[in-house]
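Side chains included, hydrogens not; waters and symmetry mates left out as well; all remaining heavy atoms used. Read the numbers this way: they start at 1 and go in the same order the structure lists the ligands and their atoms.
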Amino acid sequence: MELLAIPTKPIEGQKPGTSGLRKKTSVFMGLHYLENFIQAIWNAVGVQGKTLVLGGDGRYFNDRAAQVILRMAAAAGVSKVIVGQGALLSTPAASHVIRSRGANGGIIMSASHNPGGPDADFGVKYNISNGGPAPEGITDAIFAATKSLTEYQIVETQDIDLSVIGTTELSGMQIEIIDPVEDYAALMETLFDFPKIRALFEGGFTMRFDAMHAITGPYATRILEDVLGAPEGTVLNGIPSPDFGNGHPDPNPIWAKPLVDLVMSDAAPDFAAASDGDGDRNMILGKGVYVTPSDSLAVLASLAHLAPGYAGGLKGVARSMPTSRAVDYVAAAKGIDCYETPTGWKFFGNLLDDGRATLCGEESAGTGSDHVREKDGLWAVLLWLNILAETGKSVANILTDHWQTYGRNYYSRHDYEDVDADAANKMMARLNAMLPDLPGEVIAGMTIESADEFAYDDPVDGSHSAHQGTRVSFTDGTRIVFRLSGTGTVGATLRVYLEKREEDPAKQHNDPQDALSAAIEAAETIAKIKEYTGRDGPNVRT
Ligand code: VG1
Ligand code: CO
């Protein structure tokens, strides 16, 4: 075994985005690329003598990347790496393992909901000792380190066999290979009333969980079918594959359409859910209903106390700025704080650590709590199951009751994917320059109340994050947010977030797009989306 120092040069464009560094797989597989980024992480955070956790969502190149990272960890003097068997760990499970085993940090190999394969996407994310994504101070330091690289260090050796649980060693570094599901499943059992959920299934309650050929397959099969007694076949697409069955592992009505079609059909189960590539997102469905992620967060905030892990109530809640304000009404009714943060789970970490928030959520199908420091797809599904078991109500009834009590926030996100980056930047620049003049203007019959670019001051560490999305609010409670994605790998993705408040439960629209028609028109008038992007409309509406 030999320690090699390979001369290298700084590489441009390795700036971590909303959630780690995401690039085309071919870029990560390119000469020195993965190695450079890993060395930059080591240089920025210092890993000598530390314990790290390593795992990924099983996408193409996951296995090869794990071997490179292990050899580089050994070269950097890491004392121990805890690896999920087969180099697999869902994002929430990795977060839990970092926390429960007192590791100093971890590397998650995933591009989340982005497709996988040689022509698709790969990603690397560094998490810190609280189990959460590195905050901006650290991602900035990693980015700076990519610009001053002169060499990377790696041990030359055979591959480690990661298929067998146990302990091994690499050039003086200890490697512990663990069951990726066990610790996580045990944690879930401490939070939820498993006997009650088991009784629900025994009573004939039906469910489908679509793992979308991604990492939650083994987790869902073990917990739902083996432990909670749901019949075999409850979990669909439960075997992870490197290209996710040639699909997008994104749990929304577009990419998980077969599941949505099922719940809208006569064969609908009582409850259905799906999760994404790395297992941190969730989609919730009932017979004939799709629960928007923003509504799901509000419902969970209102009823979480029905699960044993949250019986003492919530300390506070937090949502990302573009997420609908449905949860704000629950927080106000309960008299707890509600925080508004920029997009990306890294901004929740301090609020959770400081005991200010118990539950957090994003409109992009992410919900989680202080049990880990990542959003957690299966956790959200289990909390819903616990609530359904406790109340005996259907998903549809829970939703209508919620709207009766708190009013309803119609919500939709329109995505314009892979648009020309230059055009998207110009569109945003024009919009942002106009903001001071917008208040008072009447557009699509609505009066603009305020317009600004969102900036966030972290109440715990005082850090400031600017340019976190442009928001335009109207006097009738309508709100439009414009934002460019930080997770795409080609061109730019424009996200337009649309929200309309309806207090009157009698005024219900079946299609949220109808309820939002004035907001949709106003978004176009204000931002000239068609003119800049050359698109007639969004290619994804969630
Ligand atoms: C998107 C979502 C954001 C989420 C991020 C990572 O970011 O909008 O809410 O935190 O993906 O999700 P962006 O910058 O493309 O809008 V994922 O499931 O890493 O797990
Ligand atoms: Co994800």
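Against a heavy-atom cut-off of under 4.0 Å, Arg483 is close to the following atoms of ligand 1: 13 (P), 14 (O), 16 (O). The Asp280 neighbourhood of ligand 1 comprises atoms 18 (O), 20 (O), with distances under 4.0 Å to a heavy atom of that residue. For ligand 1 and Gly486, the ligand atoms under 4.0 Å from any heavy atom of the residue are 13 (P), 14 (O), 15 (O). The ligand atoms of ligand 1 that sit less than 4.0 angstrom from a heavy atom of Ser112 are 17 (V), 18 (O), 19 (O), 20 (O). The contact set between ligand 1 and Thr343, taken as ligand atoms under 4.0 Å from a residue heavy atom, comprises 3 (C), 8 (O), 9 (O). Near Asp276, meaning under 4.0 Å from one of its heavy atoms, ligand 1 places the atoms 18 (O), 20 (O). Atoms of ligand 1 lying under 4.0 Å from any heavy atom of Arg495, numbered from 1 in the order shown and given with element: 8 (O), 13 (P), 15 (O), 16 (O).
Looking only at protein heavy atoms, the nearest one to atom 14 (O) of ligand 1 is Thr18 OG1, 2.4 Å. Protein heavy atom closest to atom 19 (O) of ligand 1, with residue, atom name and distance, is Arg22 NH2, 2.6 Å. Annotation: atom 4 (C) of ligand 1 to nearest protein heavy atom, Glu362 OE1, 3.6 Å. Shortest contact from atom 6 (C) of ligand 1 to any protein heavy atom: Lys375 NZ, 3.6 Å. Given atom 1 (C) of ligand 1, the protein heavy atom at minimum distance is Arg281 NH2, 3.6 Å. Looking at atom 7 (O) of ligand 1, its nearest protein heavy atom turns out to be Thr487 CG2, 3.5 Å.
Listed here is the closest heavy atom pair of Leu352 and Trp345: CD1-NE1, 4.5 Å. Of all heavy-atom pairs spanning Val27 and Tyr33, the tightest one is O-CB, 3.1 Å.
A 6.0 Å sphere centred on CD1 of Ile254 holds more than 12 heavy atoms belonging to other residues, nucleotides or ligands.
Ion pairing between a basic and an acidic side chain is recognised when a charged N comes within 4.0 Å of a carboxylate O; Arg281 and Asp250 show such pairing.
Of all the N, O or S atoms in Asp280, the one closest to the Co ion (ligand 2) is OD1. Among the heteroatoms counted here (N, O or S) of Asp276, OD2 is the one nearest to the Co ion (ligand 2). Residue Asp278 approaches the Co ion (ligand 2) most closely through its N/O/S atom OD1.
Ring planes of Trp255 and His248: parallel class, angle under 30° (limits at 30 and 60°).
A distance-only check finds a donor-acceptor pair linking the side chain of Ser95 to the backbone of Arg373 [under 3.5 Å]. In this structure a side-chain-to-backbone donor-acceptor pair under 3.5 Å is missing from Asn425 to Ala429. Without hydrogens or angle criteria, Ser320 side chain to Thr343 main chain gives no donor-acceptor distance under 3.5 Å. Judged by distance alone, with hydrogens and angles left aside, the side-chain atoms of Thr216 form no donor-acceptor pair with the main-chain N or O of Ala220 at under 3.5 Å. Checked by atom type and distance alone, the side chain of Asn386 never pairs as donor or acceptor with a backbone atom of Leu382 at under 3.5 Å.
Within the 2.8 Å limit, Ser112 places at least one N, O or S atom next to the Co ion (ligand 2).
Using a 4.5 Å cut-off on side-chain heavy atoms (C-beta onward), Leu162 and Leu70 make contact.
Contacts of Thr91 with ligand 1, taken as heavy-atom pairs under 4.0 Å, are absent altogether. Contact annotation for Ser364 and ligand 1: only side-chain heavy atoms (C-beta onward) come within less than 4.0 Å of the ligand.
For the pair Arg501 and Tyr329, the distance from NZ or CZ to the six-membered ring centre is under 6.0 Å and the angle to the ring normal is within 45 degrees.
Within the 4.0 Å heavy-atom cutoff, Gly344 counts among the residues contacting ligand 1.
For atom 8 (O) of ligand 1, the choice among Arg413, Glu374, Glu417 with the nearest heavy atom turns out to be Arg413.
Side-chain N/O atoms of His464 and Glu136 include no donor and acceptor closer than 3.5 Å.
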